[in-house]
Amino acid sequence: MVETRKGGLFVPEPEVRPGGQPDFSNVKIPRAGTVERPPVDVDPRDIRDMAYSIIRVLNRDGEAVGPWAGTLSDDELLEGLKHMMTLRAFDARMQTAQRQGKTSFYMQHMGEEAVSCAFRRAMEPGDMNFPTYRQAGLLIAGGYPMVDMMNQIYSNEADPLKGRQLPIMYSSKEHGFFSISGNLGTQFVQAVGWAMASAIKSDDRIAAGWIGDGSTAESDFHAALVFASTYRAPVVLNIVNNQWAISTFQGIARGGSGTFAARGLGFGLPSLRVDGNDYLAVHAVGKWAVERARMGLGATLVEYVTYRVGAHSTSDDPSAYRPKTESDNWPLGDPVIRLKNHLITRGAWSEERHKQSEAEVMDSVIVAQKEAEKHGTLHAGGRPSARDMFEGVYAEMPPHLRRQRQQAGV
Amino acid sequence: MVETRKGGLFVPEPEVRPGGQPDFSNVKIPRAGTVERPPVDVDPRDIRDMAYSIIRVLNRDGEAVGPWAGTLSDDELLEGLKHMMTLRAFDARMQTAQRQGKTSFYMQHMGEEAVSCAFRRAMEPGDMNFPTYRQAGLLIAGGYPMVDMMNQIYSNEADPLKGRQLPIMYSSKEHGFFSISGNLGTQFVQAVGWAMASAIKSDDRIAAGWIGDGSTAESDFHAALVFASTYRAPVVLNIVNNQWAISTFQGIARGGSGTFAARGLGFGLPSLRVDGNDYLAVHAVGKWAVERARMGLGATLVEYVTYRVGAHSTSDDPSAYRPKTESDNWPLGDPVIRLKNHLITRGAWSEERHKQSEAEVMDSVIVAQKEAEKHGTLHAGGRPSARDMFEGVYAEMPPHLRRQRQQAGV
Amino acid sequence: MPRMTMIEAIRDAMDVSMGRDDNVVVFGEDVGYFGGVFRCTAGLQQKYGTSRCFDAPISELGIVGTAIGMAAYGLRPCVEVQFADYVYPAYDQIVSEAARIRYRSAGQFTCPIVIRMPTGGGIFGGQTHSQSPEALFTHVSGLKVVVPSNPQDAKGLLISAIEDPDPVIFLEPKRLYNGPFDGHHDRPVTPWSKHELGDVAADHVTVPLGKAVTRREGSAVTILAYGTMVHVALAAAEDTGIDAEVIDLRTLVPLDLDAIVASVKKTGRCVVVHEATMTSGFGAELVSLVQEHCFYHLEAPVARVAGWDTPYPHAQEWDYFPGPARVGEALRVVMEA
Amino acid sequence: MPRMTMIEAIRDAMDVSMGRDDNVVVFGEDVGYFGGVFRCTAGLQQKYGTSRCFDAPISELGIVGTAIGMAAYGLRPCVEVQFADYVYPAYDQIVSEAARIRYRSAGQFTCPIVIRMPTGGGIFGGQTHSQSPEALFTHVSGLKVVVPSNPQDAKGLLISAIEDPDPVIFLEPKRLYNGPFDGHHDRPVTPWSKHELGDVAADHVTVPLGKAVTRREGSAVTILAYGTMVHVALAAAEDTGIDAEVIDLRTLVPLDLDAIVASVKKTGRCVVVHEATMTSGFGAELVSLVQEHCFYHLEAPVARVAGWDTPYPHAQEWDYFPGPARVGEALRVVMEA
Ligand SMILES: Cc1ncc(C[n+]2csc(CCOP(=O)(O)OP(=O)(O)O)c2C)c(N)n1
Ligand SMILES: Cc1ncc(C[n+]2csc(CCOP(=O)(O)OP(=O)(O)O)c2C)c(N)n1
Ligand SMILES: [Mg+2]
Ligand SMILES: [Mg+2]
C-alpha cells in the first residue's frame, strides 16, 4: 500500500541533513558473492531482479567470493591498486594546485576510484569511452601521461587542448577517451552512435557511455536507451551513482524507482547493479558487459553504487547540504582500502609495502607536476596563444574568422 | 539465449510489408477478464507483470467479464457508442472536406475511437487533458460543439483559434482540452507540470497526458516520467500504441522492450496495458488511474493497445509501407462494432436501432458542417483577418509588432 | 543533363555520395523503408541496405546525437529532421556538441555530419511545418549553414556538405521541392522540368560552400536572398521593372561577403529578404555587414523584408509570406530614398 | 535603501513576489534546500516551504516543461537554469511551446513563466559556463528578453518579469553578481556595496520591461549595451575620454527603439557592444534598426564589438572578452570615420 498525500507537493528528501546523524540503513547491501553470474547470452527478461540487487565480490574479511570473483591475477590487482592510488594522489595535488591559483577549477574522484580504474581494464585498445568529468581513472589506468593531464589542467603552453577547455575536460582519441563535454548527459547517446557505427562497419570495437546518477534525468539518457535497445548497439551504458548531484541527493533523479539500473528494464536491456567500491566486482561486471557488446549481443546498463566523498568540485562545499561525517558511514567502504586489504589477505601485499607505494606514487605525481609547471600554469609562465583561440573552429578558417583574427592582431 | 549478430547494424523490421500476408500472431492477446484488478493503493512493485499483459473486458461473445467489468450503466454505454459513432462520422465528413479543398489537412481516428471517448468519461469537470492530434474523442465525448471543431478545421471567420492553427489543433480550456501542439511529445511533461501545480495548491483536480507509441522516443516522455515519479504528480500518462508512427512500425520506438507500458517500471510507476479497442476496458482502467491520481497516490502509466486503421493524415498513403488488409486482421477488432455487439448482447440495443442511429449521427454532423460552412472554409467565404495574425503574440502588442502591423496595412 | 526536381536532386546527391563512400550513412524518421515523407531518400535503403539507410525512432536528439557518435567513429552521417520546426529537441546536441567537438578536442575528434531539414512556408503547414530557423544556427560558431534555391545547387551543395569535414546544417525550402515558387501563389506553378536550373549533372558534381551566385545582374539595387526568396526577389524585380541585382547567397556560413560588397558598392542600394521572422533574423547580420563595408556607397538605408514577428499562421499564410508585392514595395522605397 | 549585491537583489525580488502572490513558485537544479549554486534562492525554501521552492531533477526540459504546465494551471513559475549554457535541452519547450501557447490557443492558455539563467564570461568558466545566448531568444516571437546590469534593475526587472503575463527570459550576467565589472580584469573589483546602483528599495518595486536608461550622457557617439557590457562601455568612455552616451537597454524584447533613435540622431555615431559571438548576435539587430531609423544622421558606419566567432575559450578568456580596450578602439575608429 502506498500512502495517499493531500496538501502540497511531495518532494523527496534525503534521510539526513547537516546536523543530523548519517543513516544508510535504507541502503540494502547484499552479502558479497550472493548474486548469480548469468551467461552473457542470457535473456534479459530472466535477470530483471539483478537491477534491484548489488553484485559484490570482496567481503568484509577482504576475500573475493562468489561467481563474479577470479577475473584478475595478483599482478593485475596490484597494478589496479596503483592506478587508484595514483588517481587519489593526483587529485590531492591538483586540488591543492587549484587552491594555489594555478588553475581555475578541479574535480576529484575520492571514493569513486574503483569505477573508472577497474572498468578500463575490461576494455581493449580501439574501444572508446564517452566519459563524464569524473572518470580520469580511465586515463590513468590506460597509461595516459599524467603530465599531459596536468598540462590540460593548467591550460599551459603544452596543453594538448590549447587552453580552450575547462580544466579536466580531457580528450585523447589514442587512449579511447572521447572529448569531455561540460554539458551533462550529451555523450551518453553519442556513445551509442559510435557503437552503431562499429556495428555498421561490422567492426568488433565497442563503446562505453558514462553518466552520473543526477544526469540520468537528462533527455540524452532516454535517447541513448531507445537507440541502444532498438539497434542492439555494442555499447556498455554506465551509470555512476555516487549518491549526489552537487547538492541534490539521488532520490530526486531516481524518483519513485527502486534503482537507476531499473531504468533499463523498460528497454529490455540487461540491467545490473554493482558495488562501485569493489575493484573486483566492477571489473568482473565490466568484463561481462563488454563481452556481451563485443559478441554482438547488444547493450548492457550498469549502475555503479558508490559515494562521492569529496566536494562536487572546487566550487562546492558539501557541508551546507549533508552531514560532514556522512562519507565515513558509507556502508561500501573505501575502494583503495578494500583492494589493499584483499591483496594483503591474498598474501600479495603488506601494510608496509602499501605505505612505501603511497610515497612512490606521490613522488611520481610530483615529478609530473614539476614537469608540467615548466610549461606554465593558468596565470603564470607559458600559455597557449590567442591565435589558438581562432584556430580549429573549422577545419579551414573561414574568411570572417580570418578577419577577426586580424582585427585581434594575433 | 539471445542471438549474437555480426555483420551490419540490427534494424528491427515489421513482420510484413506490402505484398505480404498480414500476421499478428506475435501479438499476445490474453483472454478477456483474466487480468486482476488491484486496489488503487497497490504497491506498484507488486503489479509489474501488468505491464506485459492486456486488460480486457469484452470477450468474443460480446460479454463484459472479469474484475474490470461493470463500471458503466446501459445508458452510459449507449452514450459512449454514440460518441464513437459521432467521431467516426465526423472524421468521414472532414476527410472528404479536405479532399474537396475546404481545408488543408485532416487526421482521423478510425479504429482508435474508444481510447479518447471512454477515457473522457473517467474524468471530472476541472480536470485537464494534454492531448495529441488523435484524441478529438475527448471533445466529442465532452460535449464540445462540433461546429466549433469544424470552424477550426476550416480556419474560417468563426474559428475560435482565429485561423492561426493547423486544422484539428483544437484548444478548449473550458472543456479541459489543452491547446494541441504540432510538436510531438512536448505536452506530456506539461501535463505533469499542471498536475504538480494542482498538488502545490492542494487541489484535487488531475491531469492526463497523451502520447503516441512513436513519440515515446522523444525526450519529453522521459522528463514526464522523471518528474511524475519524483513528485508523485496527480497525472495519468496515456500512451496510445496504434502500432504505427507514420510509416514506422512500433518496434522502432519500442526497441528491445516488451511493451511501452514497461517503460514505467524503471520509474516505479504502476504501468498497465489495456485493450484500446474495448470501450469498457479503457473506461475501467482510466477510472482506476484517475482515482489513484485524485487520491494523491501519484501517476499511472497506461498503454492503450490499438491500431491505426486509416492513413496517418491526409498527406499519407499507408499502402506504401504496410499490407492494405492489415487492419482487417487486427486481432482486437473494431471498437464501435464491439461495443455495439455488447449492447445487443445486453439487450439494450439492436442492429436496427444501430443503423438508424448511424443515420441520425451522420445527420447531426452534416447539420454542423452546414452551419460551419456558413462561416467560410479555408479558401472561400468568411476568413479570419490579417489583423488577427498580429494579435495575441503577447498580451499587449509591443511597439515592433505595432509597426509591422501598420506596415502590413491591416 | 537530366532534368530533376529538387527532391530528385537531393536524393541523387545522397545516392552518389553513398556510392562513392561507404562511410556515408543516411537515417531519420520514416527515411528508411518508406523513403522519407518528402521522398528524398526513396530507394536508398533498397540500394544500400538497412545498415546504410534506416528508420530512426522519433527522437531528433537521438538522431543527431548518434550521428555525432558515428562521426567520431569515422562515418559521415547525413541525417534528416522531418521538418525544421522539429529540430529543437536536437538543438543542444547541435550547439553544444557537433559545433564544438573539433575545437574542444583540438582536432582529435571531428564532426562531419549533415543535418538536412525542410524549411519555409507556402504549403499551409501552420506554425509547425513552416519555420525558417537559419538564424538560430548562423549564430553558433562551428556550424556551416547552407540553403539551396534550385535542383542544380541542391545536388552540388549537398555533395559538398557531405564531403565537408565539419557539421553542416542543410536547409531545404520545401516550397521549392517541386518547382521554382516565386510567391505568386495565385498563379500556376511551373515544375523544375521547365526550368534550366532543373538541369542537374549526373554523377559526382559539387558546388563549393561559401560562394554566392548572381541570379540576375542589375545596376539599381542589390537584393540579397537565399532559398525560396531568390525566386521571389526575381519576381519582384520583374514586377516592378526595377533593375535589381539578385544575389543568391547559397551558403550563409561561411558567407560570400566579397560578392555582397562588390554588388552593393556597384548599386549603392540594398534590400535583404528572408522568410524567417524579422527580429534577429539572418537579415540583420546581412544589413550589419553591408552598412559596415559599404557605408560610403549607400544611397539609402538597407531595407529588410521578412516574415512578421509572429508565429507562422495557417489561414493568413499569404498575409505572412513576404511575397513579391512586399519585396517590390521595399525596392520602390529604397529607390526613392 | 539597503545596499545589495545582484544576487541579494534577485533573491529579494523572488522573496517579495512569493510573499505577495501564492502562485509564484521557484524551482530548478540545487535551488531548493541548498539555495542555488549562486545562492540566488537561498532561504526561500525555509520561508515558503517545499511546495513553493524545491530542487528539480537535472532536466532543463523537465524544468521548463513542467513550468509551462504549471503556468497553464494558473501559477507563475520562476525557474532557474543553472547556467545559460545549459538551456538548450529546454530550447524546444521554450521556442515551440512557451512562446506560442497564447497565440495558438487564442489566449485561452497563457504562459507567465520566468526562466532565469546566469550568462556571460569573466569567471574562467570555459565554453560551458560563459555563454550569452540572448540572440537565440530574441529571434523567437512570443518571448521577452531581459538583461539587468545592476542590483537595482535586477530586482525591479525581475519583479516585472514575474508579474508579466508572458514568458520572460531573464539573463543574469554572472560576472556582475558581486560587483560592477568593467572589463579591467587586472584591477581590483569594487563590490556593489560601494556602488549607488547597489541601493535597492525594499519591498515591492518594479522597473518596466521595454524601457532603456541612459547611464552616461554624451554627445559624441552612442554606445548601445546591456548587462556586463554597460560597465565596459562606461570604462571605455572614461579611458578614451570620448564623450560617449551609454544606453543600457535592459530589455532586448520589447526594445526601447525610441531611446536608441533619439540618442543616435543626437550623436550621429553608434557603437553596439555585446559579449555573445558577433555573427547573428543581437548586435546585428541593433545595427539594422539604427541604420534603418537614423540613416541620414549617421556620420560613420555603426560599429560592433562582440565576442569572437569561436567557442568561449578557457585560457584565452581575456583575449576573447570584448573589454574596454576593444570598445575604446571601436570608439576611436567611429570618431575618426
Ligand atoms: C546540461 C547541464 N545541466 C546542468 C549542469 C550543471 N551541473 C554540473 S555537474 C551537476 C551535477 C551532476 O550530478 P551527477 O550526474 O550525479 O554526477 P556527479 O557530479 O555526481 O559525478 C550539475 C547539475 C551541467 N553541467 N549540464
Ligand atoms: C518533434 C516532432 N518530430 C516529428 C514530427 C513529425 N511527425 C508527426 S506525427 C509523427 C508520427 C507520430 O507517431 P505516434 O507518436 O505513434 O502517433 P500517431 O500518429 O500514431 O497517433 C511524426 C514523426 C513532429 N510532429 N514533431
Ligand atoms: Mg552523482
Ligand atoms: Mg502511433
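We name chains A, B, ... by the order of the sequence lines, and we start the count at 1 in each one.
- Between chain A and the options D166(C), D258(C), T110(C), L75(C), heavy-atom pairs under 4.5 Å are most frequent for D166(C).
- The closest side-chain heavy-atom distance from V393(A) to R100(C) is not below 4.5 Å.
- Residues Y103(C) and Y394(A) keep their aromatic ring centres 6.0 Å or farther apart.
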Could you give me the CA-CA distance, side-chain angles and deciding distance for F54(C) and I200(A), then say whether side-chain contact (heavy atoms from CB on, under 4.5 Å) is met? CA-CA 11 Å; F54(C) 52 90; I200(A) 288 168; 4.3 Å; yes
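- Ranked by heavy-atom pairs under 4.5 Å with chain C, the first of L166(A), L401(A), T186(A) is T186(A).
- When each of M169(A), H400(A), K201(A) is checked for heavy-atom pairs under 4.5 Å with chain C, K201(A) comes out on top.
- Using a 4.5 Å cut-off between heavy atoms, P165(C) touches chain A through its side chain atoms alone.
- Closest non-hydrogen pair, V189(A) versus G62(C), comes out as CG2-CA, 4.1 Å.
- Once rounded to the nearest 0.5 Å, the distance linking CD of E391(A) with CZ of R102(C) reads 11.5 Å.
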Run the numbers on Q165(A) and R104(C) for side-chain contact (heavy atoms from CB on, under 4.5 Å), then give the verdict. CA-CA 6 Å; Q165(A) 268 283 46; R104(C) 71 178 200 225; 3.3 Å; yes
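- Options N23(C), L257(C), D256(C), L61(C) differ in how many heavy-atom pairs under 4.5 Å they form with chain A, and the most are formed by L61(C).
- Neither the backbone nor the side chain of M397(A) comes within contact range of chain C; no heavy atom of the residue lies under 4.5 Å from a heavy atom of that chain.
- Rounded to the nearest 0.5 angstrom, S181(A) OG and I68(C) CD1 are separated by 9.5 Å.
- The greatest number of non-hydrogen atom pairs below 4.5 Å with chain C, out of E396(A), K162(A), R205(A), is found for R205(A).
- Contacts between D220(A) and chain C at a heavy-atom distance below 4.5 Å involve backbone atoms as well as side-chain atoms.
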Would you check, one step at a time, whether the test side-chain contact (heavy atoms from CB on, under 4.5 Å) holds for S59(C) with F227(A)? CA-CA 9 Å; S59(C) 166; F227(A) 281 67; 3.9 Å; yes
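- Annotation: maximal heavy-atom pairing with chain A below 4.5 Å, among G49(C), A72(C), G107(C), occurs at A72(C).
- Here the shortest heavy-atom pairing between F109(C) and M128(A) reads CE2-CE, 3.8 Å.
- Listed for the E97(C) side chain is no donor-acceptor partner under 3.5 Å among the backbone atoms of Q187(A).
- Using a 4.5 Å heavy-atom threshold, the side chains of T66(C) and Y231(A) count as separate.
- In terms of heavy-atom pairs under 4.5 angstrom with chain A, the leader among V25(C), D164(C), I63(C), V64(C) is I63(C).
- For chain C, the nearby parts of A395(A) are the backbone and the side chain; heavy atoms of each come within less than 4.5 Å.
- Under the 3.5 Å distance criterion, with hydrogens and angles disregarded, a donor-acceptor pair is assigned to the side chains of Q93(C) and Q190(A).
- In this structure, S171(A) and Q108(C) approach most closely via the heavy-atom pair OG-OE1, 2.6 Å.
- Distance alone, capped at 3.5 Å, places no donor-acceptor pair between the Y73(C) side chain and the M196(A) backbone.
- Using a 4.5 Å cut-off between heavy atoms, A56(C) contacts chain A through both its backbone and its side chain.
- The shortest side-chain heavy-atom distance between F177(A) and S105(C) does not fall under the 4.5 Å cut-off.
- Most heavy-atom pairs under 4.5 Å with chain C, from the set P399(A), G193(A), A223(A): that is G193(A).
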